[in-house]
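Quick note: numbers below take in every heavy atom, side chains included, and nothing from hydrogens, waters or symmetry partners. By convention in this document, chain letters (A, B, ...) are assigned in the order of the sequence lines, proteins followed by strands, and residues within each chain are numbered from 1. This is a predicted model, so every value here is computed, not measured.
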Amino acid sequence: MKVLAEPDFVFECRSASVTLPLNGGARPIISDINLDVREAEFLSIVGPSGTGKTTLVRMLGGLLRPTAGEVRVKGEILNGPPEGVVIVFQDYANALLQWRTVAANVAFGIERKLSSKECAARVSAALDLVGLSKRADDYPWQLSGGMQQRVQIARALALRPAVMLMDEPFAALDAMTKAGLQDELLRLRDQTQTSFVFITHDIEEAVYLGDRVAVLKGSPGRIDEIVRVELPSPRDQISTRQMPEFLAYRYGLHKAIGHG
Amino acid sequence: MASQAWSSRINWAGLSVCALMLLVWEASVRLKFIAFEFFPAPSSILSGAVRLAREGILLEDLSHTLLSIAMGWTIAMVIGVSIGLLLGFSPVARKFGLASVEVLRPMPGIAFAPLGLLLFGFSLQTELVVTVLPAIWPVMINTMGGIANVHPRLTDVGRTLRLSPTEIVRHLLLPAALPSIVVGARISLGLALVMAIVAEIVGNPAGLGYGIVREQQAMNPDLMFAYIAVVGVLGIILNAGVLALTTALWPASSRVAA
């Protein structure tokens, strides 16, 4: 575990709520969210479906305004998508530009801001990080699902973000691809010192990846509990997952969510 | 490599059926299985086409029809794409405008030929009235649908990557709608060809369509069929041309296995 002398918060939510207009009425989706995200922290948020996980990520990413309370990014009140924060969406096929090559997709977020030379350098660095350098000239539809999601992650990394918000990014992938990408994310965090907010409905994934795991529960969704995960780093798909501590966290979170 | 890929893309089996049909046709006429004096053999149609080409009249008619298709299609594209974009982007425009589109769309363009004749007489303008009106709809509807059906996630992507609203339209929504717009443009082009020929048959005495009527009235069935064949070949070439242009400009919009 990293020990931070004085924790720098990248995100601070103070009683943030989001109410969306639905069928003529107003439906509260998430309510009274108090949550901090620290620098280079991996924060997992776990919760059953219908608890507003996606709404929470969209609020943090500036796509939705909190209808009550406040959200601060590096001290500033959130107002639209903030610089240095980027969302990676669950449905990679919709989120990629099908008419652009892999490299051009990765360049999409930076090409209007940087010189072409700097842009090319960042694109190849990002593709290296996700192991897709050899597929730079392919189109997204020529790649497997796992590779497409890596393209989306590379596009986010090319921005050199301070925070990556990931909305169930591996939900549509098979178990083996998922395990590989989980380890890639942890490696990326160590290499780039990016903070991750990682939404999932998979408790084991939340524990395996997270420095902390927040439990979102109820309707409207509230943060029910935040668990600090004290597992040794680097984590390992086989040995970490069979540690008694891992199983204890898993058990505790299942209890907290209300299973068994 | 390239020529090999090209020859493997030709549908030899399909073409051989066409050749066989021509052969049967030729044989039936020569062996007098078909005893209909206005039904010439393919060989005499071909020699008729050669004769028309030598006299220069075929080129003249062809250029007139091509000009009228090009003008009609261009006008239809400009109107269709602009109104289609407006309808695609603005729910308000859809709310107020879509009913009018649905009322006007089923009207056959040829029904406006008499109006064109009243306004412009036997002229290219009359031909354009008949060509433009029906050719507007396919590209308009496909442009509108292309824009309105872009997945909302792409807008989310644009926002999280901090693009401005204009950049989102230009770099995400328009390119995403492009394949659908191209499909509409192709259908419109095919329609423009058909309507130009119809207009030349019933209205403006010029071009390939008039050539068909002229040779019919002059009792030259071989020349009449030669004109019909040229119209058919023109349709194939125009469609292939738009496809080739699209593939050259936007390789990713044609998803043939690479």
Subject >> From CG (A/Asn94) to NE2 (B/His151), nearest 0.5 Å >> reply: 3.5 Å
**OP:** Any chance you could measure B/Glu167, atom CD, to A/Phe108, atom CZ, to the nearest 0.5 Å?
**Re:** 8.0 Å
Original post:
Are any side-chain N or O atoms of B/Thr160 and backbone N or O atoms of A/Ile87, one a donor and one an acceptor, separated by less than 3.5 Å?
Top reply: yes
Subject >> B/Arg170 atom CZ: more than 12 heavy-atom contacts under 6.0 Å >> reply: no
**OP:** Answer with side chain, backbone, both or neither: which region of A/Val85 has an atom nearer than 4.5 Å to a non-hydrogen atom of chain B?
**Re:** backbone
Subject >> A/Arg187 CZ: over 12 foreign heavy atoms closer than 6.0 Å >> reply: yes
Original post:
Which bit of B/Leu163 comes within less than 4.5 Å of chain A, counting heavy atoms only: side chain, backbone, both or neither?
Top reply: side chain
Original post:
Around A/Arg65, counting heavy atoms of other residues, nucleotides and ligands shown, do more than 12 lie under 6.0 Å from its CZ?
Top reply: no
Original post:
How close do A/Trp99 and B/His171 get, heavy atom to heavy atom, and via which atoms?
Top reply: CZ2-O, 3.5 Å
Original post:
Would you say A/Glu76 has more than 12 foreign heavy atoms packed within less than 6.0 Å of its CD?
Top reply: no
Original post:
In terms of heavy-atom pairs under 4.5 Å with chain B, which of A/Gly80, A/Pro82, A/Gly61, A/Pro161 leads?
Top reply: A/Pro82
Original post:
Counting only heavy atoms not in A/Glu83, do more than 12 fall under 6.0 Å of its CD?
Top reply: no
Original post:
Measuring heavy-atom distances to chain B, does A/Leu165 have an atom under 4.5 Å in its side chain, in its backbone, in both, or in neither?
Top reply: neither
Original post:
Is atom NZ of A/Lys74 surrounded by more than 12 heavy atoms (other residues, nucleotides or ligands) closer than 6.0 Å?
Top reply: no
**OP:** Give a yes or no answer on whether the side chain of B/Arg162 reaches the backbone of A/Pro81 with a donor-acceptor pair at less than 3.5 Å.
**Re:** yes
Subject >> Atom group of A/Leu63 that falls short of 4.5 Å from chain B, counting heavy atoms >> reply: both
**OP:** Decide if atom NZ of A/Lys117 counts as having more than 12 heavy atoms of other residues, nucleotides or ligands within a radius under 6.0 Å.
**Re:** no
**OP:** With a 4.5 Å cut-off on heavy-atom pairs, point out which of B/Val150, B/Leu161, B/Leu172, B/Asp156 contacts chain A the most.
**Re:** B/Asp156
